[in-house]
Amino acid sequence: FPVTIGMATMMAKDQFNEAAIKELFKLSPEKTKIQNVQTLALEQERLGRKTEALTVWNFLYPYMNRPEDRMAAQLSMSQMQFDLGKRTEALKTYEQALLALKDDQKCSGAQCEELRKRARQFVVNWNQLEKKQPTEDLLVAYDLYSNAFPQDVDIYVYSSQVAESLKKYLVAWTKIQPGISHLKEIILNSKGSAGPLIESQRLKFENILVKQLNWLNKKLLQLKIQKF
């Protein structure tokens with residue numbers, strides 16, 4: 001008998017193994033195979049069963065043909081890997097998702113825009129978790145995101161703040177330069193325009209410059225201390 005989405009949801013609440021996942025895929029109608037197993041994976045995520053969810057996504061991913069489905073799976077897999085402490089694997093999977101997401105020809109429309117928001121939230125949430133003690137891996141995650149979406153000015157600020165926390169002041173200075181250049185371009189192109197948005201951008205630009213000076217002073221002080 002055909003397997004329905006409801007049955008896939010019920011299956012998620014029971015203990016299962018990869019053999020059961022394969023059985024669900026096999027018994028599902030051809031048109032709903034992907035959807036049914038996706039439902040199983042998402043239900044495992046909802047129940048907080050991260051290892052199980054990752055197992056389902058790993059099984060299903062090779063069968064996915066739609067770019068949007070593959071990217072959504074990659075983002076889910078990177079989150080599960082991160083939550084399970086597999087940071088290196090999470091970064092690799094995250095990078096693969098970003099490579100496709102930044103390609104407008106491969107991914108366009110409302111669903112892709114939502115996936116881009118998920119990609120951004122992944123690294124922002126990571127930052128929140130490591131706010132007091134950020135790691136080098138977080139800096140790598142920011143680099144991956146900013147390389148994919150260079151127009152996101154705020155990310156350069158966050159990335160620089162992480163570098164500052166790691167006492168990499170010259171790195172912090174370097175990472176914020178593209179953001180400043182982008183903001184400057186926006187302001188120059190909007191010259192003569194009035195409105196709260198332009199004023200907000202101008203204030204942000206000034207604040208970033210002040211932060212840069214503070215970072216440079218810290219670096220100079222560090223070098224002076226090391227010298228003596």
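Note that the coordinates shown come from a computational prediction; the quantities given were computed from them, not determined experimentally.
- Residues A119 and L101 come closest through the heavy atom pair CB-CD1, 3.9 Å.
- Residue Y169 is not grouped with residue L138 when hydrophobic side chains (ILVMFWY) are merged at heavy-atom distances under 4.5 angstrom, including chains of intermediate members.
- Looking at heavy atoms from C-beta onward, K92 lies out of side-chain contact with K86 at the 4.5 angstrom threshold.
- Between M80 and M77 the shortest side-chain heavy-atom distance does not fall below 4.5 Å.
- Summarising the geometry, atom CD belonging to Q128 is positioned 9.0 Å from atom CD belonging to Q121; distances are rounded to the nearest 0.5 Å.
- The side chain to side chain contact (heavy atoms under 4.5 Å, CB included) test applied to W173 returns Q177, Q212, L216, not counting sequence neighbours.
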Subject >> Full working for side chain to side chain contact (heavy atoms under 4.5 Å, CB included) between E136 and K168 >> reply: CA-CA 11 Å; E136 294 280 354; K168 295 188 172 185; 2.6 Å; yes
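- Applying the salt bridge (charged side-chain N to carboxylate O under 4.0 Å, His left out) rule to pairs touching residues 30-39 yields nothing, sequence neighbours excluded.
- Closest approach of E164 to A172, counting heavy atoms only: N-CB, 3.9 Å.
- A salt bridge links E43 and R46; the closest N-O separation between the charged side-chain nitrogens and carboxylate oxygens is under 4.0 Å.
- Remark: the backbone N or O of T51 is paired with a side-chain donor or acceptor of T55 at under 3.5 angstrom.
- Counting only heavy atoms from C-beta outward, the side chains of D152 and H182 never approach each other to under 4.5 Å.
- Inter-residue side-chain proximity for Y156 and P150 is flagged as met; some heavy-atom pair is nearer than 4.5 Å.
- Atom CG in N36 sits 10.0 Å away from atom CG in L27 (nearest 0.5 Å).
- Considering every non-hydrogen atom in both P134 and S165, the closest pair reads CG-CB, 3.4 Å.
- In this structure the side chain of D143 reaches within 4.5 angstrom of the side chain of S159, judged on heavy atoms.
- To the nearest 0.5 Å, the span separating NZ on K117 from CZ on R120 amounts to 11.0 Å.
- When ring centroids are compared, F25 and F59 come within the 6.0 Å threshold.
- Note that CD of Q133 and CG of L166 are 10.5 Å apart. Values are rounded to the nearest 0.5 Å.
- Rounded to the nearest 0.5 angstrom, D137 CG and T88 OG1 are separated by 6.0 Å.
- Side chain of Y142 to main chain of V162: no donor-acceptor pair is present (N/O by atom type, distance under 3.5 Å, no hydrogens or angles).
- For the atom pair CD (Q35) and CG (L40), the distance works out to 13.0 Å, reported to the nearest 0.5 Å.
- By the rule that hydrophobic residues join a cluster once side-chain heavy atoms approach within less than 4.5 Å of another member, L98 and W126 end up as members of one cluster.
- Within the 4.5 Å cutoff, the side chain of S76 has heavy atoms near those of the R118 side chain.
- Residue L115 is grouped with residue L144 when hydrophobic side chains (ILVMFWY) are merged at heavy-atom distances under 4.5 angstrom, including chains of intermediate members.
- Criterion: ILVMFWY side-chain heavy atoms under 4.5 Å apart, direct or through other members. Under it, V140 and L170 are not part of a common hydrophobic cluster.
- With W57 as the fixed residue, the side-chain contact (heavy atoms from CB on, under 4.5 Å) test singles out one of E45, Q81, E52, Q44: E45.
- Not a single donor-acceptor pair under 3.5 Å links the side chain of N127 to the backbone N or O of V123.
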**OP:** Before giving the answer on side chain to side chain contact (heavy atoms under 4.5 Å, CB included), spell out for Q38 and M64 the whole-Å C-alpha distance, their side-chain angles and the decisive distance to 0.1 Å.
**Re:** CA-CA 10 Å; Q38 275 181 318; M64 291 177 156; 3.5 Å; yes
**OP:** Would you sort out whether Q161 and K175 count as a side chain to side chain contact (heavy atoms under 4.5 Å, CB included), showing the intermediate values?
**Re:** CA-CA 9 Å; Q161 290 171 345; K175 286 188 178 301; over 6 Å; no
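- A cation-pi arrangement is found for R70 relative to Y61, the charged atom lying closer than 6.0 Å to the ring centre and inside a 45° cone about the ring normal.
- Enclosure of atom CD in Q151 by more than 12 non-hydrogen atoms of other residues, nucleotides or ligands within 6.0 angstrom is indicated.
- V153 and I180 fall within the same hydrophobic cluster, defined by Ile, Leu, Val, Met, Phe, Trp and Tyr side-chain heavy atoms under 4.5 Å apart, directly or through other members.
- Judged purely by distance below 3.5 Å, without hydrogens or angles, the side chains of R87 and T135 never pair a donor atom with an acceptor atom.
- Side chain of S160 to backbone of I176: a donor-acceptor contact under 3.5 angstrom is found.
- A heavy-atom distance below 4.5 Å is found between the side chains of E18 and K22.
- Under a 3.5 Å cut-off, the side chain of Y145 and the backbone N or O of F122 do not form any donor-acceptor pair.
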